[in-house]
Amino acid sequence: MIDPHRLRNELEETVRQLERRGYRLDKKHFQALELKRKEVQVQTQQLQQDRNVRSKAIGQAKAAGEDITPLKGAVSELGDKLKVTETRLEEIQQALQDTMLEIPNIPHESVPDGRDENDNVEIRVFGDKPVFEFEPKDHVDLGEGLKLLDFEAAAKLTGSRFMTIQGALARMHRALIQFMLDLHVREHGYLEVYVPYIVNAESLQGTGQLPKFSEDLFALQRDGRCDEFYLIPTAEVPVTNLLRDEILDEGDLPLKFVCHAPCFRSEAGSYGKDTRGMIRQHQFEKVELVQAAHPEQSYEILEEMTRHAETVLKRLGLPYRVVALCTGDIGFSAAKTYDLEVWLPGQQKYREISSCSNCEDFQARRLQARWRNPDTGKPQLLHTLNGSALAVGRTLVAIMENYQDGNGRIHVPPVLQSYMDGMTVIE
RNA sequence: GGAGAGGUGGCUGAGUGGUCGAAAGCGGCGGUCUUGAAAACCGUUGAGGGGUAACCCUCCCAGGGUUCGAAUCCCUGCCUCUCCGCCA
């Protein structure tokens, strides 16, 4: 949620900044609601004050042994009036809240203007694309050729957009998770956490997936009731929600979490997109970085966190590039995002493998995630950041395609060999 | 699944109908003392919101109800803990 004060006091400017990312705020609607809110709130508070004063007087009269019957009658009427305005105020505030929960974050000034992913800006490129003396296969042909990847089996078990992996490839998949976790824990100083894969609606509202993006989620039913629990679409949700309703000490910042978790996405809006292979699945594994930061440090930390994600690609020897998402392509909760795109020889394209975002205080406000500022003694909103480091399924795809040889074998990147009993090639 | 106990400020914890937004302790902040620190002592210290301001309102898990008045009484839900049973 963006700052309500900002919305009230700098509405024009805020509207302009939201337009940069293609969001049109209904200014009239908001202003009308806000005007009504003010009027009804003042009225309600006056009535409340009146009631409080009179009730107190009744208490004193009673203590003095006076007759309180006439006093009671007058306050009784007041109570009825109060009930009406209180209800009205509640409705208005709810409407205002509903409106504000659907407004996306304001893009940081450094975010390039643009409409969609075509306007994203390449920041840096790393690694050499592999040169093959044969026609490189894509990961589906490689995996099915080795009988290690089976989409039909998964379709039988569940449906489309699921997969099964077997043997050495399943092992490499697991090795990747271990490797990434170890790297971030040992060298980057993150605290490993294990969290629930099922969360409630409140958590999803905290990080911004709800109320607006329910169609992207898998909702669970229990006792015939739904809409209470959801499968997590990313570990960002449970991990960032660890901060909910907490007040941290300044000395605790930045708080750095790393978490491996499966992610579940309904991909409702992407029929026909990436239907081949494991690029876009309903279920995939991800190692996620989450940080709670001092507001003045969050942009430094975004750079650092992006480097942490890049380190995974570098150690694995995968060519990639970093792009800054444009205003039209950043996510709902993000103020700024870098995507890491890995080179896929099978597609002859860079494909997203990580997304690192600074949400500033947007999520923190929804979460009431704060730190105590020693200068003021007051709690103040944190900045939250999250980044994939990395999406495991897509990393596996990248290794398969970049490390293939002319015989359809897949070589094991050196850093993974110790996680696979020294195995050097999958054949 | 059965039986019981409980959810109060940053934390621990008192408070069972009327200046209670809430005792006390811890923690935090400021001060005295000290070369400095610790200890001791004194003071101070919840959050959110409205208003130019004085000031006012809301909040004691959540939602309803009773009452002139609710942290306190009643109902529902959620959560936590203890014991028994079952179980990976």
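Below, chains carry the letters A, B, ... as their sequence lines are ordered, and counting in each starts from 1.
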Inset, instruction - Take the protein atom CG of A:N241 and the nucleotide atom C1' of B:rC79, then report the distance between them rounded to whole Å. - result: 16 Å

Inset, instruction - Among the candidates B:rA47, B:rC68, B:rU58, find the nucleotide nearest to the side-chain atoms of A:V75. - result: B:rC68

Inset, instruction - Using the closest heavy atom to pick a nucleotide of RNA chain B for each, name whichever of A:I247 or A:E90 lands nearer the 5' end. - result: A:I247

Legend entry - For B:rU16, the Watson-Crick or wobble partner whose two distances fall under 3.5 Å: none

Legend entry - B:rU58 to B:rA3 separation - P atoms, rounded to the nearest Å: 40 Å

Legend entry - Side chain A:K56 and base B:rG18 donor-acceptor under 3.5 Å: no

Inset, instruction - Could you measure between the two P atoms, the one in B:rG4 and the one in B:rA22, and give it in whole Å? - result: 37 Å

Inset, instruction - To the nearest Å, give me how far apart CG (A:D375) and C1' (B:rU45) are. - result: 16 Å

Legend entry - Short side-chain N/O contact to B:rG49 OP1/OP2 from A:K38, under 4.0 Å: no

Legend entry - Sugar-phosphate, base or nothing in reach of A:P379, heavy atoms under 4.0 Å: sugar-phosphate

Inset, instruction - Nearest-nucleotide wise, let me know which of A:E86 and A:Q368 is further upstream toward the 5' end of RNA chain B. - result: A:Q368

Legend entry - A:F162 and A:H282 aromatic ring geometry - parallel, tilted or perpendicular at 30°/60° bounds: tilted

Legend entry - Length of the CG-P vector between A:L89 and B:rC59, whole Å: 12 Å

Legend entry - A:F179 and A:R315: CA distance, side-chain angles, deciding distance, side-chain contact (heavy atoms from CB on, under 4.5 Å) verdict: CA-CA 10 Å; A:F179 163 66; A:R315 296 277 175 96; 3.6 Å; yes

Legend entry - Separation between CG of A:L142 and NE2 of A:H139, rounded to the nearest 0.5 Å: 9.0 Å

Inset, instruction - Return the nearest nucleotide to the side chain of A:K62; candidates are B:rG18, B:rG51, B:rA47. - result: B:rG18

Legend entry - Distance, C1' atom - from B:rG7 to B:rU72, rounded to whole angstrom: 14 Å

Legend entry - Complement of B:rG27, any strand, by Watson-Crick or G-U distances under 3.5 angstrom: B:rU45

Legend entry - Any donor-acceptor N/O pair, A:D252 side chain to A:L248 backbone, under 3.5 Å: no

Legend entry - N/O (side chain, A:R370) to phosphate O (OP1/OP2, B:rG48) under 4.0 Å: yes

Legend entry - Side chain to side chain, A:L220 and A:Y230, heavy atoms closer than 4.5 Å: no

Legend entry - Out of B:rG10, B:rC68, B:rU58, whichever nucleotide has its closest atom nearest the side chain of A:R51: B:rU58

Inset, instruction - Counting Watson-Crick and G-U wobble pairs only, both distances under 3.5 Å, name the nucleotide matched with B:rU52, or none. - result: none

Inset, instruction - Determine the interatomic distance between C1' on B:rU44 and the same-named atom on B:rG49; round to the nearest Å. - result: 25 Å

Legend entry - Interatomic distance at C1', B:rC79 relative to B:rG69, whole Å: 30 Å

Legend entry - Minimal non-hydrogen separation, A:C356 against A:L302, with atom names: O-CD1, 3.5 Å

Inset, instruction - Using whole Å, report how far CG of A:D3 lies from P of B:rG48. - result: 12 Å

Inset, instruction - Using whole Å, report how far CD of A:Q94 lies from P of B:rG49. - result: 17 Å

Inset, instruction - Find out whether A:Y299 and A:N358 are in side-chain contact, i.e. whether some heavy atom of one side chain is under 4.5 Å from a heavy atom of the other. - result: yes

Legend entry - Residue-phosphate contact under 4.0 Å: A:N52 side-chain N/O, B:rU58 OP1/OP2: yes

Legend entry - Base partner of B:rG9, which must satisfy Watson-Crick or wobble distances under 3.5 Å: none

Inset, instruction - Indicate yes or no: at least one non-hydrogen side-chain atom of A:Y190 is less than 4.5 angstrom from one of A:Q291. - result: yes

Inset, instruction - In whole angstrom, give me the gap between the C1' atoms of B:rU16 and B:rG43. - result: 33 Å

Inset, instruction - Round to a whole Å and report the spacing from CD of A:Q41 to P of B:rC55. - result: 19 Å

Inset, instruction - Describe the nucleic acid contact of A:K378 in one word from base, sugar-phosphate, nothing, applying a heavy-atom distance below 4.0 Å. - result: sugar-phosphate

Inset, instruction - Kindly point out which of B:rC68, B:rG10, B:rG49 is positioned nearest to the side chain of A:H5? - result: B:rG49

Inset, instruction - Tell me what A:I58 touches on the nucleic acid: a base, only sugar-phosphate, or nothing, going by heavy atoms under 4.0 Å. - result: base

Legend entry - Side chain of A:S55 - closest among B:rA47, B:rG69, B:rC56: B:rG69

Legend entry - Pairwise C1' distance for B:rC60 and B:rC73, with rounding to whole Å: 16 Å

Legend entry - For B:rG63, the Watson-Crick or wobble counterpart (both distances under 3.5 Å): B:rC75

Legend entry - Base paired to B:rC81 (Watson-Crick or G-U; both N/O distances under 3.5 angstrom): B:rG4

Inset, instruction - Round to a whole Å and report the spacing from CD of A:Q60 to P of B:rG18. - result: 13 Å

Legend entry - Rounded interatomic separation in angstrom, taking CG from A:L381 and P from B:rA47: 13 Å

Legend entry - Base-pairing assignment for B:rA37 (Watson-Crick or G-U wobble, both under 3.5 Å): none

Legend entry - Touch class at under 4.0 angstrom, heavy-atom based, for A:D249 against every strand present: nothing

Inset, instruction - Provide the distance between the two C1' atoms, one in B:rG21 and one in B:rU34, to the nearest whole Å. - result: 39 Å

